[in-house]
J.: 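I am attaching a structure below and will ask some questions about it afterwards.
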Amino acid sequence: MRVLGIETSCDETGVAIFDSEKGLLADLLYSQVSMHAEYGGVVPELASRDHIRKTLPMIREALRVSDSSPGDVDGIAYTAGPGLIGALLVGASIAKSLGLAWGIPSIGIHHMEGHLLAPMLENDPPDYPFVALLVSGGHTQLISVESPGCYELLGESRDDAAGEAFDKAAKMLGLGYPGGPLIAELANQGQKDRFVFPRPMTDRPGLDLSFSGLKTYTLNTILDLTEKSGITNQDKADIALAFQTAVVETLTIKCQRALRQSGLSSLVIAGGVSANLALRAALQSMTDSLSARLFYARAAFCTDNGAMIAYAGCQRLSAGQSEDLVINARPRWPMDTLQPIK
Ligand code: KG4
Ligand code: ZN
């Protein structure tokens, strides 16, 4: 089965073609980051308009790259949520219209299911069941994945998502958007242990997380230094390292707890923050110490992309699932309400 995947939930237009026999045949990404950068974050209306401009030409290009004609495509998958409503509606309307015109089924995919399944595109994919840590700009969740499509929420952030905290801390330090990669880069020049930031909610049982206190702590540290002596570039690097270390250790403690509680021995990390090298290294040594295994996707499949939507769509369409003509776009959508795959 050959599936066209369309991702337009936020500030990246992703279009890909996945074939169940031949693998990924096309994978195109257009990032709007430079357009939103001057505003310090995503402007929803600008995002929608840009998806309108980019999606159809990218679909044409994906067909060309994969040497496919519309007649070779068996189904269309699009991100139906969660995300920015206007941006989601662009992908959903295009997917539904093409599905109707080409006489093929279409299906709305949960954006976080796309992220969660992205490591399946790699050479050594995890076996079910596993624990998944989803860490993106909008979500931080620990999920028990029993089988394809069966997701049980174990814990989640009560306030900011980990990626959102990275983005906000970067803004406080006067770095650009998105902040995660910029904090990670600056942290490389930081002096270890000059500042030690709190590890929120790690002293309490349970798998919920919280990052808003860490954000306030970061702001207060910056204000203190600024008032006392003015903040230097070295101070900023030291803060970036302390912040990143606190997020990484907090996530590592919670992942270790989730593996112990569930008795599972595979951990999958997915979403933009799973590209963070310090996080990968800390989770690698934690899983090694438990004789468990860690799985993640290449960096380009950690952040938003069309390949993960084409792959997830292929799994669901192959299992006989599809939708009628209603345009499905859901800004909020709990993952544990999804239909199992098969
Ligand atoms: O999954 P994603 O591309 O979009 C959402 O679904 O939200 O995640 C984007 C988030 C942003 O907050 C970005 O700052 C963060 O992922 N991110 C990182 C890194 N790369 C992206 N955070 C920390 N370290 C990174 N290397
Ligand atoms: Zn995402």
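Nothing fancy with the numbering, it's 1 onward along the sequence. Numbering of ligands and ligand atoms starts at 1, following listing order.
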J.: If hydrogens are left out, which of Val273, Thr79, Asn276, Asp11 has an atom nearest to atom 26 (N) of ligand 1, that is, the closest non-hydrogen atom?
T.: Asn276
J.: Mind checking whether Glu12 contacts ligand 1 via backbone (N, CA, C, O), side chain (CB onward), both or neither, at a 4.0 Å heavy-atom cut-off?
T.: neither
J.: Looking only at atom types and distance, does a side-chain atom of Asp11 sit under 3.5 Å from a main-chain N or O of Gln32, one as donor and one as acceptor?
T.: no
J.: Going by atom types alone, do Gln244 and Asn276 pair a side-chain donor with an acceptor below 3.5 Å?
T.: yes
J.: In ligand 1, which numbered atoms sit nearer than 4.0 Å to a non-hydrogen atom of His111?
T.: 6 (O)
J.: Measure the spacing between CD1 of Ile59 and NZ of Lys54 and express it to the nearest 0.5 Å.
T.: 14.0 Å
J.: Looking only at N, O or S atoms in Asp304, which is nearest to the Zn ion (ligand 2)?
T.: OD1
J.: Below 4.0 Å from any atom of ligand 1, is there a heavy atom belonging to Gly138?
T.: yes
J.: Give a yes/no answer: is there an N/O/S atom of His139 under 2.8 Å from the Zn ion (ligand 2)?
T.: no
J.: I need the single residue from Asp208, Val135, Leu207 that forms a side-chain contact (heavy atoms from CB on, under 4.5 Å) with Leu142. Which is it?
T.: Leu207
J.: Using a 4.0 Å heavy-atom cut-off, which part of His139 comes near ligand 1: side chain, backbone, both, or neither?
T.: neither
J.: Is Cys10 close enough to the Zn ion (ligand 2) that one of its N, O or S atoms comes in under 2.8 Å?
T.: no
J.: For Leu29, does its backbone N or O pair with a side-chain atom of Glu12 as donor and acceptor, under 3.5 Å?
T.: no
J.: Starting from the C-alpha separation in whole Å, work towards a yes-or-no answer on ring pair (Phe, Tyr, Trp, His ring centres under 6.0 Å) for Tyr217 and Phe197.
T.: CA-CA 7 Å; Tyr217 196 94; Phe197 284 15; 5.0 Å; yes
J.: Should Leu84 and Thr8 be marked as a side-chain contact (heavy atoms from CB on, under 4.5 Å) after you check the CA-CA gap, both sets of side-chain angles, and the distance that decides it?
T.: CA-CA 9 Å; Leu84 303 172; Thr8 63; over 6 Å; no
J.: Just heavy atoms, cut-off under 4.0 Å: does Thr303 contact ligand 1 by side chain, backbone, both, or neither?
T.: both
J.: Identify the protein heavy atom lying closest to atom 7 (O) of ligand 1, giving its residue, its atom name and the separation to 0.1 Å.
T.: Gly137 N, 2.8 Å
J.: Is the cationic atom of Arg280 (NZ for Lys, CZ for Arg) positioned less than 6.0 Å from the six-membered ring centroid of Tyr296 and within 45 degrees of its normal?
T.: yes
J.: Which one of Leu4, Asp19, Leu24, Leu25 satisfies the side-chain contact (heavy atoms from CB on, under 4.5 Å) criterion with Ser66?
T.: Leu25
J.: Show the atoms of ligand 1 that are less than 4.0 angstrom away from any heavy atom in Gly163.
T.: 12 (O)
J.: Could you tell me whether Leu219 atom CG has more than 12 heavy atoms of other residues or ligands within 6.0 Å of it?
T.: yes
J.: Within the structure, does Gly180 bring an N/O atom to less than 3.5 angstrom of an N/O atom in ligand 1?
T.: yes
J.: From the N, O or S atoms in His115, identify the one nearest to the Zn ion (ligand 2).
T.: NE2
J.: Counting both backbone and side chain atoms, is some N or O of Phe166 under 3.5 Å from an N or O of ligand 1?
T.: no
J.: How far is atom 4 (O) of ligand 1 from its nearest protein heavy atom, and which residue and atom is that?
T.: Asp304 OD1, 3.2 Å
J.: For ligand 1, find out whether one of its N or O atoms is nearer than 3.5 Å to an N or O atom of Gly272.
T.: yes
J.: Tell me, which protein residue and heavy-atom name are nearest atom 11 (C) of ligand 1, and how many Å apart are they?
T.: Asp167 OD2, 3.6 Å
J.: Taking Ser48 for the side chain and Pro44 for the main chain, is one N or O donor matched with an acceptor at less than 3.5 Å?
T.: yes
